[in-house]
There are 2 protein chains.
Amino acid sequence: MIQLADDLDRDQPTRDEVIYERVFDAILEQRLAPGTRLSEDKLGQVFGVSRTIIRKVLQRLEHEGVVEIHRNRGASVANTTAEQARQVLVARQAIERAIVLSACEHIQVEDLQRLQLLIQAEQAAIQAQDRGRALRLSGELHLQLAEACGNEFLANFARMMVSRCSLIIAQYETHAHPLCSTDEHAAILKAIAEKDSELAVGLMHEHIQHIEAKLVLSEPSANQDLAAIFAED
Amino acid sequence: MIQLADDLDRDQPTRDEVIYERVFDAILEQRLAPGTRLSEDKLGQVFGVSRTIIRKVLQRLEHEGVVEIHRNRGASVANTTAEQARQVLVARQAIERAIVLSACEHIQVEDLQRLQLLIQAEQAAIQAQDRGRALRLSGELHLQLAEACGNEFLANFARMMVSRCSLIIAQYETHAHPLCSTDEHAAILKAIAEKDSELAVGLMHEHIQHIEAKLVLSEPSANQDLAAIFAED
DNA sequence: TTTTTAAAAATTGTATACAAAATTATAAAA
DNA sequence: TTTTATAATTTTGTATACAATTTTTAAAAA
């Protein structure tokens, strides 16, 4: 009997992996808004599995930071505070810097070509005014850049940061802003291709700063003074 | 009725949290060597709980990177390859840099005092030739520095990096080396206290490099040529 | 002996039953 | 009406039973 599996688990995805992806996507695409309760029973019925599998999925999502679990009170889509959002962006700056430095050393030509195609797809989404798709592709670009630099730990951190940032953008970005320009992505990629690490790091830093600048990082109104809000009545 | 719990889960630790800590400690203190199988049934019997709780603990440990789970084949203590070890150290450099920068901005006087006490405890462990305790305290120092800079995401990454590095040191450090000097820790803390971020970052970078220098990052003999090993027979 | 095949045992994967806790609804007292 | 207390409902936490898979063992064939 030939042992195909060997050491890798490269079989078809398991049910919990599929469900994880679907819930993850729903959260990042804002079909599940921050704060939404995620009942084990209901999710189990939706996906036709028992609570056992749902609990596994929710625990993983909690670890990735997109879901909050409170003891005996169940799970809900993470509701990031403004202070947490600032912290996430500091952490993301650190991770993206490391990724750019590593990419300048290790990126392959095929990776660069693949990333170029992603930028084109992002551009197309922007021209089609498809904000959701553009945001998703932007995240995918950062993620694939992380994976291309061949450091599974940096890539893992990048995944956590990108998903968390998507949630934050969903929660704090005012819709008055125009869609992200792909020029910045292209410039970063060009600098990496030319192995100009200093330039690439600087461009990436500015890029993340631009993302931050579009956010309105004040605490949501729930914590504000109710008396002041209803003063006009 | 007064609602004490409010929004925080600051009750006593749950059973799975206690078990998580105990297994985590056992791995970091090398009482469970890399590669050791972690049977759900046996662990459940050891701690007097059902497999349900053990599975939850193992999944969390997998997320933190100290345990590997292979589908239908169960969990074992993570066996880091030399290449992975190099990647971890690159990622850790990035995280520690961000922590030092953040600490220079946000650290409080009380935090500095607490960290000083930890350095003294580490020094005592070194003089007592208690290598395990010294290693543990060194990790704790890095962790508490991360927590003191008030960024929960950086602190979370730091926890993952410190635990993973402990595993790597257990696996790859030759015992010929003298125990870590606490001078480096003290110097870093001094630079942070004086808010000299450039110096602090540089010292931290060197510190991690020194840790790396003590490792023998060649692939373990299992992957080597058996014929060559037994050539003398 | 070595390899192949088949059966047995052990281990993990999942659903479910029941316990524990929290939430909601209802009724009694202020 | 508002508050408090109690009961009913819902939801999560855990153990367990059974299914699916892997590993081990034993036997048969090369």
Side-chain angles (χ1 to χ4, degrees), chain A residues 1-23 27 32 35-63 66-79 222 226, chain B residues 1-23 27 32 35-63 66-79 222 226:
Chain A
M1 202 73 78
I2 301 168
Q3 172 99 359
L4 270 176
D6 205 72
D7 206 19
L8 289 144
D9 308 300
R10 52 169 146 68
D11 316 57
Q12 66 215 353
T14 56
R15 266 186 296 174
D16 56 83
E17 284 168 347
V18 172
I19 296 170
Y20 163 82
E21 287 290 346
R22 291 198 53 186
V23 178
I27 293 174
L32 286 171
T36 307
R37 301 247 359 249
L38 300 171
S39 151
E40 296 177 0
D41 243 336
K42 284 178 190 163
L43 279 177
Q45 285 175 328
V46 166
F47 292 109
V49 297
S50 78
R51 286 170 49 217
T52 308
I53 292 182
I54 298 297
R55 281 172 80 73
K56 184 176 178 184
V57 168
L58 290 175
Q59 275 157 27
R60 181 168 167 200
L61 287 165
E62 185 197 26
H63 223 88
V66 295
V67 153
E68 288 170 359
I69 297 180
H70 297 278
R71 196 193 309 175
N72 289 321
R73 255 169 249 183
S76 52
V77 179
N79 215 320
L226 287 175
Chain B
M1 202 71 80
I2 301 167
Q3 171 98 0
L4 268 176
D6 205 73
D7 205 20
L8 290 144
D9 308 301
R10 51 170 146 67
D11 316 56
Q12 66 213 351
T14 55
R15 268 186 296 174
D16 56 84
E17 284 169 348
V18 173
I19 296 170
Y20 163 83
E21 287 291 345
R22 292 198 51 188
V23 178
I27 293 174
L32 286 171
T36 306
R37 299 252 354 252
L38 299 171
S39 151
E40 296 177 1
D41 244 334
K42 284 179 191 163
L43 279 177
Q45 285 176 328
V46 166
F47 293 109
V49 296
S50 78
R51 286 172 48 216
T52 308
I53 292 182
I54 299 297
R55 282 175 77 82
K56 184 177 178 183
V57 169
L58 290 175
Q59 275 157 26
R60 181 169 168 202
L61 287 165
E62 186 196 24
H63 275 298
V66 295
V67 153
E68 289 170 358
I69 298 180
H70 297 278
R71 196 193 308 176
N72 289 320
R73 255 168 247 182
S76 51
V77 179
N79 214 319
L226 288 175

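Keep in mind that this is a model prediction, so the values were computed, not measured. We name chains A, B, ... by the order of the sequence lines, and we start the count at 1 in each one.
- Within the structure, every pair that satisfies the salt bridge (Lys or Arg N to Asp or Glu O under 4.0 Å) test and touches residues 50-63 of chain A, not counting sequence neighbours, is listed here: A:Asp16-A:Lys56, A:Glu40-A:Arg51, A:Glu40-A:Arg55.
- Atom CZ of B:Arg55 is separated from atom P of C:dT12 by 8 Å (rounded to the nearest Å).
- Contact between the side-chain N/O atoms of A:Arg71 and the OP1/OP2 oxygens of D:dT12 is not found at any separation under 4.0 Å.
- Residues from residues 36-52 of chain A placing a heavy atom under 4.0 Å of any atom in DNA chain D, listed by number, are A:Arg37, A:Ser39, A:Glu40, A:Arg51.
- Between A:Ser76 and A:Arg37, the shortest heavy-atom distance links the atoms CB-CA, 4.0 Å.
- In this structure, B:Ile54 atom CD1 and C:dT14 atom P are separated by 18 Å, rounded to whole Å.
- In this entry the distance linking CD of B:Glu17 with C1' of D:dG13 reads 13 Å, nearest Å.
- Rounded to whole angstrom, the span from the CD1 atom of A:Ile53 across to the P atom of C:dT16 amounts to 11 Å.
- B:Ile27 is listed as a side-chain neighbour of B:Val67, based on a closest heavy-atom distance under 4.5 Å.
- Here D:dG13 presents its P atom at 14 Å from CD of B:Gln59, a figure rounded to the nearest Å.
- Using a 4.5 Å heavy-atom cutoff, the side chains of A:Phe47 and A:Ile53 are not in contact.
- Whole-Å rounding puts the A:Asn72 CG to D:dT12 P distance at 10 Å.
- Separating the CZ atom of A:Arg15 from the C1' atom of D:dA19 is a distance of 11 Å, rounded to the nearest angstrom.
- Between A:Lys56 atom NZ and D:dG13 atom P the separation is 18 Å, expressed in whole Å.
- The closest side-chain heavy-atom distance from A:Leu38 to A:Leu61 is not below 4.5 Å.
- When side chains are defined from C-beta on, B:Val57 does not count as touching B:Leu43, because their heavy atoms never get closer than 4.5 Å.
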